[in-house]
Undergrad: 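After the structure tokens below, expect a handful of questions from me.
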Amino acid sequence: MIKRLMKCIREYKRQTILSPIFISLEAVMEVIIPLLMAKIIDVGVNGNNGQGNIKNILLYGGILVVSCVLSLLFGALAGKYAPEASAGFAKNIRHDMYYNIQNFSFRSIDKFSTSSLVTRMTTDTTNVQNSFQMIIRIAVRCPSLLIFSLAAAFSINARLALIFVAVVPFLGVALFLIIKKVHPIFKRVFKTYDRLNGVVQENLHGIRVVKSFVREDFEDKKFDEVSESIYKDFSFAEKVLAFNNPLMQTAVYVTMLLIAWFGAHLIVSSTMTTGELMSLITYTMQILSSLMMISMVFVMITMSRASAERIVEVLEEKSDIVSPENALTTVDNGEIVFDNVNFSYSGNPEKLCLLNVNLKIPSGATVGIIGGTGSSKSTLVSLVPRLYDVTSGSVSVGGHDVREYDLEVLRSSVAMVLQKNVLFSGTIKDNIRWGDENASDEDIERVCRLAQADGFIREFPDGYDTVIDQGGTNVSGGQKQRLCIARALLKKPKILILDDSTSAVDTATDSKIRKAFRQEIPDTTKLIIAQRISSVQDADMIIVLDNGKIDAVGTHEELLRTNDIYREVYTSQMKGGDAE
């Protein structure tokens, strides 16, 4: 885990190395300062048999000033480089996570929820960033200060310094027990954060539905339950961590009392000077405050350890769908062949969504796909651009197994308009240029006419420069579908897949879109998933799916004569007045 995270330091190695160096130098200066103070008292103020020695006061006072200035300088330099290193480290983590997510297969995306990925890129990354800065600053400064102060204390009086040796193991054991108790809690809390983000995301995405059904109270309750769970976990963890402070304070005061008591006896017996006792008391504060800060670092590391594990999960996730070596870089045509295809989302051959699918679709054909909810229509077409790979069997495009193609080449040859249409913030032109970033305005207008979108676009005051809100909330469902169809057409694909993407347009507009397809893109293979018979009845072939199996394949007239499922759907829609 640590090795993988360290790869994210990259161009910030210089700041990461310089920061602990300057911190260590600052610690050295802080250890020297009490020794100089002792010298000023013992050989300066109390020099010459108590008469004072101004020369020694000026000498050691000058060295003391220089040491203080150097300590300030080293601290300032460490304060400059440490934030740069930690912020850059976090930037690279977010960069690596985001870019790896772009390479995820749909199976990997299904493994991590959207809300979980958002939490990992925000809250978890911030936790790791804070820990990283504490590690290269406090986690270096405090041990350095602890070691140097202990060494200085032993050089002054080894017997008194043994008090520290007795206290440090006691605090170390107590700290270990506290950390062991709270780590599982923090690990659980960050998973609850995923749930909280999911609740908020779902609520904001569906806020219109929430308000129209007056379900605010239900959503509030759902949010409160998750939020309360986080509160309980965090409050319990903080209560456990709170034991750290009184333990440290007790250790500090007991140590100071013991040193003051035994030190006073040593001064009376003339085996220790006043300056040395003052230095030891100063070192007591440095040693025990270092231990206290180290405990804080461990607490932060304990919190961020769970975050780091979650981040590394994303960074090390490898897509199971990648381009092969010596991949094909050209798709010759839009012919599609399904050969004994079985598919399971879990990869379990006993839980198949598609069973023994055998199909041959000629290039340029228009194919309708009909079936009830859950009959795996969307799953079938998702195998064509390798959004998923088959569990067994093969899917071929242009005469070659899709697994032989370069992934980018294959997907560039297949345009999909999904069930859940997505538009992005930006102008209408910006959204449609997702199909071809170099497309001219004339190309954009042409595909919009094909998708029957040109008319309503020109009704907007800004026309094609109209700004689309995030998610396309300022256009209707039918308008959104037509814009997505136009975007797909701009790719000039070999295969066009429409996954129930005209459900929100009227039958007349639907008919015009299909007519435009026949006339303008006759060589493109068109797979049309639809609920309405009217959307597919003029297709070259219609596939009827039932529970992941192909129930029948034929033309509209053939299926009316031979297939009960198709005839039943057609009859029910005829009665509803939906058939042409």
Undergrad: If you measure only the distance, is there a donor-acceptor pair under 3.5 Å linking the side chains of Ser363 and Glu335?
TA: no
Undergrad: Between Phe218 and Arg215, is there a cation-pi geometry (under 6.0 Å to ring centre, at most 45° from the normal)?
TA: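 Yes; both conditions hold, so Arg215 lies above the ring face of Phe218.
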Undergrad: Can we say Arg14 and Glu84 salt-bridge, meaning some charged N sits less than 4.0 Å from an Asp/Glu carboxylate O?
TA: no
Undergrad: Assert yes or no for the condition that the ring centre distance of Tyr345 to Tyr388 is strictly below 6.0 Å.
TA: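 Distance test on ring centres: under 6.0 Å, yes.
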Undergrad: Any sub-3.5 Å donor-acceptor pair from Arg487's side-chain atoms to Asp436's backbone N or O?
TA: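 Judged by distance alone, no pair lies under 3.5 Å.
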Undergrad: Identify the two heavy atoms, one from Leu410 and one from Val384, that lie closest to each other, and give their separation to 0.1 Å.
TA: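 Leu410 and Val384 have their closest heavy atoms at CD2-O, 3.8 Å.
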Undergrad: Pairing donors with acceptors under 3.5 angstrom, does anything connect the side chains of Asn103 and Ser319?
TA: no
Undergrad: Rounded to the nearest 0.5 Å, what's the gap from CD on Glu225 to CD1 on Ile230? Could you check?
TA: 12.5 Å
Undergrad: Consider side-chain contact (heavy atoms from CB on, under 4.5 Å). Of Leu423, Thr427, Asp430, which one does Ile468 pass it with?
TA: Leu423
Undergrad: Please identify each residue that fulfils side chain to side chain contact (heavy atoms under 4.5 Å, CB included) with Arg433, with sequence neighbours left out.
TA: Lys429, Asp441, Ile444
Undergrad: Do Ser108 and Glu317 have side-chain N/O donor and acceptor atoms under 3.5 Å apart?
TA: yes
Undergrad: Applying salt bridge (Lys or Arg N to Asp or Glu O under 4.0 Å), which residue pairs with at least one partner in residues 534-560 are found, sequence neighbours left out?
TA: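 Found Arg514-Asp538, Arg518-Asp538.
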Undergrad: Rounded to the nearest 0.5 Å, what separates atom CG in Leu483 from atom CD1 in Ile485?
TA: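 Nearest 0.5 Å value for the CG-CD1 distance: 9.5 Å.
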Undergrad: Assess whether a salt bridge exists between Asp389 and Arg403, defined as any Lys/Arg side-chain N lying under 4.0 Å from an Asp/Glu carboxylate O.
TA: no
Undergrad: Strictly by modelled atom types, are Thr509 and Asp506 linked by a side-chain donor-acceptor pair under 3.5 Å?
TA: yes
Undergrad: Would you call Asp96 and Arg10 a salt bridge, using N to O less than 4.0 angstrom?
TA: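 Arg10 and Asp96: salt-bridged.
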Undergrad: Any chance you could measure Lys515, atom NZ, to Asp510, atom CG, to the nearest 0.5 Å?
TA: 14.0 Å
Undergrad: Side chain to side chain contact (heavy atoms under 4.5 Å, CB included) with Ala327: which residues, sequence neighbours excluded?
TA: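 Scan of Ala327 (side chain to side chain contact (heavy atoms under 4.5 Å, CB included), adjacent residues dropped) gives Pro324, Asp406.
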Undergrad: Describe, in one word, how the ring planes of Phe89 and Phe132 are oriented to each other, choosing from parallel (under 30°), tilted (30 to 60°) and perpendicular (over 60°).
TA: parallel
Undergrad: Rounded to the nearest 0.5 Å, what separation is found between the OG1 atom of Thr379 and the CG atom of Leu387?
TA: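 Here the interatomic distance stands at 10.5 Å.
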Undergrad: Would you say the side-chain atoms of His556 and Tyr566 include a donor-acceptor pair closer than 3.5 Å?
TA: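 A donor-acceptor contact under 3.5 Å links the two side chains.
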Undergrad: Please indicate whether Arg188 has more than 12 foreign heavy atoms, meaning atoms of other residues, nucleotides or ligands, lying under 6.0 Å from its CZ.
TA: yes
Undergrad: Under a 3.5 Å distance rule, please check whether Glu437 uses its side chain to pair with a backbone N or O of Trp434 as donor and acceptor.
TA: no
Undergrad: Just checking, any donor-acceptor pair under 3.5 angstrom between side chains of Asp124 and Ser307?
TA: yes
Undergrad: State whether the side chain of Ser412 and the backbone N or O of Glu408 hold a donor-acceptor pair below 3.5 Å, judged by distance alone.
TA: yes
Undergrad: If you measure from CD1 on Ile136 to OG on Ser86, what distance do you get to the nearest 0.5 Å?
TA: 6.0 Å
Undergrad: Would you check if the side chain of Ser501 reaches a backbone N or O of Gln481 as a donor-acceptor pair within less than 3.5 Å?
TA: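 Pair absent, no side-chain N/O of Ser501 close to backbone of Gln481.
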Undergrad: Take the angle between the ring planes of Phe456 and Phe460 and call it parallel below 30°, perpendicular above 60°, tilted in between.
TA: perpendicular
Undergrad: Can you confirm whether more than 12 heavy atoms, excluding those of Gln102, are under 6.0 Å from its CD atom?
TA: yes
Undergrad: For residues 489-497, which side-chain donor-acceptor pairs fall under 3.5 Å, sequence neighbours excluded?
TA:
residue	atom	partner	partner atom	Å
Lys491	NZ	Arg411	O	2.7
Lys491	NZ	Val414	O	2.9
Lys494	NZ	Val331	O	3.4

Undergrad: Inspect the surroundings of CZ in Phe424 and state if more than 12 heavy atoms from other residues, nucleotides or ligands are less than 6.0 Å away.
TA: yes
Undergrad: Please check this pair: side chain of Arg567 against backbone of Leu560, looking for a donor-acceptor N/O pair closer than 3.5 Å.
TA: yes
Undergrad: Would one find more than 12 heavy atoms of other residues, nucleotides or ligands at under 6.0 Å from atom CD of Glu568?
TA: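 No - once you tally the heavy atoms of other residues, nucleotides and ligands closer than 6.0 Å, there are 12 at most.
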Undergrad: What distance separates Ile311 CD1 from Arg94 CZ, expressed to the nearest 0.5 Å?
TA: 9.5 Å
Undergrad: I'd like to know if the side chain of Asp499 reaches the main chain of Ser378, judged simply by a donor and an acceptor atom lying under 3.5 Å from each other, with no hydrogens or angles considered.
TA: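 No, the answer is negative, given that no donor and acceptor are paired below the 3.5 Å cut-off.
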Undergrad: Salt bridge between Glu313 and Arg310, side-chain N to carboxylate O under 4.0 Å?
TA: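 Salt bridge between Glu313 and Arg310, a charged N being under 4.0 Å from a carboxylate O: no.
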Undergrad: With Asn356, which residues qualify under side chain to side chain contact (heavy atoms under 4.5 Å, CB included), at least two apart?
TA: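 Side chain to side chain contact (heavy atoms under 4.5 Å, CB included) list for Asn356, sorted by chain: Asn342.
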Undergrad: Under 3.5 Å, is there a donor-acceptor pair between the side chain of Gln479 and the main chain of Ser476?
TA: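 Yes; at least one donor-acceptor contact below 3.5 Å.
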Undergrad: For the pair Ser394 (side chain) and Asp401 (backbone), establish whether a donor and an acceptor sit closer than 3.5 Å, ignoring hydrogens and angles.
TA: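 Not a single qualifying donor-acceptor pair exists.
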Undergrad: Only one of Asp500, Ile550, Val381 forms a side-chain contact (heavy atoms from CB on, under 4.5 Å) with Ile369, so which one is it?
TA: Val381
Undergrad: Should we say atom CG of Asn348 is surrounded by more than 12 heavy atoms from elsewhere, each under 6.0 Å from it?
TA: yes
Undergrad: Taking atom types as modelled and ignoring hydrogens, do the side chains of Tyr464 and Asp454 form a donor-acceptor contact shorter than 3.5 angstrom?
TA: yes
Undergrad: Tell me whether Ser535 contacts the main-chain N or O of Ala530 through its side chain, where contact means a donor paired with an acceptor under 3.5 Å.
TA: no
Undergrad: Phe338: which residues meet the ring-ring contact (aromatic ring centres under 6.0 Å, His included) condition with it, sequence neighbours left out?
TA: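 In terms of ring-ring contact (aromatic ring centres under 6.0 Å, His included), with neighbours along the sequence ignored, Phe338 is linked to no residue.
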